[in-house]
Amino acid sequence: MKITHLLFDLDNTLYPSTAAIDQGITSRMIGFVADLLGLDFQQAAERRQQRLPFYGTTLEWLKTEHGLEDTDAYFAAVHPPQELQELNPDPNLRPLLQSLSLPMTILTNAPRCHAQRVLEFLNVVDLFTGIHDIQSNGFKGKPYPDSYRTALAAGGFTVAETLFFDDHKKYTDGYQAIGGQAVLVQHPATATGHPHPLDSIVEQADSPKTGPAQLVIQSVYQVPQVLELLAKK
C-alpha cells in the first residue's frame, strides 16, 4: 500500500490520552454544559453522555438541540490558555515526526487556537502542511465526510494515498467509510476492549460499514512500524 501523506488528529493522538489535559478538556466541557442547561455537574455529564453518540462533537449537540450561538464563549471556556499546564513536553516527538519524511496535516475537532497552542508547545507546528479545525469545517467536523475531504483537498492529497490517525473509533470509522485507511490510537490505560502487548500492532476485523480492517496502536511512536507494515501489503 503506497502512503504519501499522513493525516493526524491532535488531542490524545500526538500525545498520550493519559495526559491531564484530556481530563481537563472533558471537565471544562461538562462544566459549560452544566452552566448552559442549568444542571449540576453530574447531571450535565450524564446528559452529554446520552446525546453525544448522535453528534460529532459536544459543540454540535449544543448548537443543534439547545441553540448555542456563542461558540467563542464555548471555546474560551473549554480551551483557556492555561490548559498547557496540563500537558508535558515531549522532546522526542519532533525527531520522530521528522523521521517519517512524509507531508503531514492536522485534522482536529478543536478550534484553531487550541491546535496552534498545543502544536507550538510540542515544538512541531512547523512540521505540518496545514491545520484544519472545527471552524474551518463549518462546525461539522469528524466524522462527517466533508471534514476529511476538505483537509485533503487543501493540500492536493487524496483519500487513497492518505493514512489517518485518531484516538476515536467513531472518527477512524468515518474515514474508512469514505474509502480510506485509518489507524486507531488507543493508549492501554484508556483502551476499550482487550488490551494488547506494548508496541504491538493489532488488526481489527473488517466491517462492511468501514471498509478494510483497521490497525490499532498504542502510541504515535508506532507510526514507523505501521508504515513499514503497510508498505509490504
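All values reported here derive from a predicted model rather than from experimental measurement.
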With ILVMFWY side chains joined below 4.5 Å, transitively, what does Ile30's cluster contain besides itself?
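Members besides Ile30, by chain and number: Phe41.
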Any side-chain heavy atom of [X] within less than 4.5 Å of one from [Y]?
X: Leu93; Y: Tyr15; answer: no
X: Leu163; Y: Val223; answer: no
X: Val185; Y: Val220; answer: no
X: Leu227; Y: Leu6; answer: yes
X: Val216; Y: Lys169; answer: no
X: Leu107; Y: Tyr175; answer: no
X: Leu68; Y: Leu59; answer: yes
X: Leu152; Y: His5; answer: yes

Any chance you could measure [X], atom [atom1], to [Y], atom [atom2], to the nearest 0.5 Å?
X: Gln186; Y: Asp166; atom1: CD; atom2: CG; answer: 10.5 Å
X: Thr150; Y: Lys140; atom1: OG1; atom2: NZ; answer: 12.5 Å
X: Leu184; Y: Thr13; atom1: CG; atom2: OG1; answer: 8.5 Å
X: Thr172; Y: Gln181; atom1: OG1; atom2: CD; answer: 10.0 Å
X: Lys63; Y: Asp70; atom1: NZ; atom2: CG; answer: 10.0 Å
X: Leu230; Y: Leu215; atom1: CG; atom2: CG; answer: 5.5 Å

So which atom in Leu127 and which in Met104 form the shortest heavy-atom distance, rounded to 0.1 Å?
O-CE, 3.6 Å
Residue pairs involving residues 111-141 (criterion ring pair (Phe, Tyr, Trp, His ring centres under 6.0 Å); sequence neighbours excluded)
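Found His79-His114.
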Which pairs, with at least one residue in residues 214-233 and sequence neighbours excluded, count as a ring pair (Phe, Tyr, Trp, His ring centres under 6.0 Å)?
none
Using the rule that Ile, Leu, Val, Met, Phe, Trp and Tyr join whenever any side-chain heavy atoms are under 4.5 Å apart, tell me whether [X] and [Y] fall into a single cluster.
X: Ile134; Y: Tyr144; result: no
X: Leu37; Y: Leu52; result: no
X: Val226; Y: Ile106; result: yes

Taking the side chain from [X] and the backbone from [Y], do they hold a donor-acceptor pair closer than 3.5 Å?
X: Tyr171; Y: Gly56; answer: yes
X: Ser147; Y: Pro143; answer: no
X: Thr64; Y: Glu60; answer: yes
X: Gln222; Y: Ser219; answer: yes

Between Val78 and Ile25, is a side chain to side chain contact (heavy atoms under 4.5 Å, CB included) present by the stated rule, with each step listed?
CA-CA 6 Å; Val78 175; Ile25 291 172; 3.8 Å; yes
Applying side chain to side chain contact (heavy atoms under 4.5 Å, CB included) to Asp22 and Asp11, what does each step give before you reach the verdict?
CA-CA 8 Å; Asp22 177 57; Asp11 295 304; over 6 Å; no
Please identify each residue that fulfils salt bridge (Lys or Arg N to Asp or Glu O under 4.0 Å) with [X], with sequence neighbours left out.
X: Glu65; result: Arg51
X: Arg47; result: none
X: Glu46; result: none
X: Asp9; result: Lys142

Using the test side-chain hydrogen bond (donor to acceptor under 3.5 Å, both in side chains), find all partners of Asp126 that sit at least two apart in sequence or belong to another chain.
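Once residues adjacent in sequence are excluded, the partners of Asp126 under the side-chain hydrogen bond (donor to acceptor under 3.5 Å, both in side chains) criterion are Arg94.
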All side-chain hydrogen bond (donor to acceptor under 3.5 Å, both in side chains) counterparts of Tyr74, not counting sequence neighbours
none
For Gln82, does the CD atom sit with more than 12 other heavy atoms under 6.0 Å from it, leaving out its own atoms?
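Buried by this count: over 12 neighbours within 6.0 Å.
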Taking CD in Glu69 as the centre, count heavy atoms belonging to other residues, nucleotides or ligands within less than 6.0 Å. Is the count above 12?
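No, not enclosed.
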Under the side-chain contact (heavy atoms from CB on, under 4.5 Å) test, residues paired with [X] that sit two or more places apart:
X: Asp40; answer: Gln42, Gln43
X: Arg112; answer: Gln116, Ile131, Asp133, Gln135
X: Glu161; answer: Thr4, Phe157, Thr158

Steps toward side chain to side chain contact (heavy atoms under 4.5 Å, CB included) verdict (Leu14, Phe8):
CA-CA 8 Å; Leu14 291 187; Phe8 283 98; 3.9 Å; yes
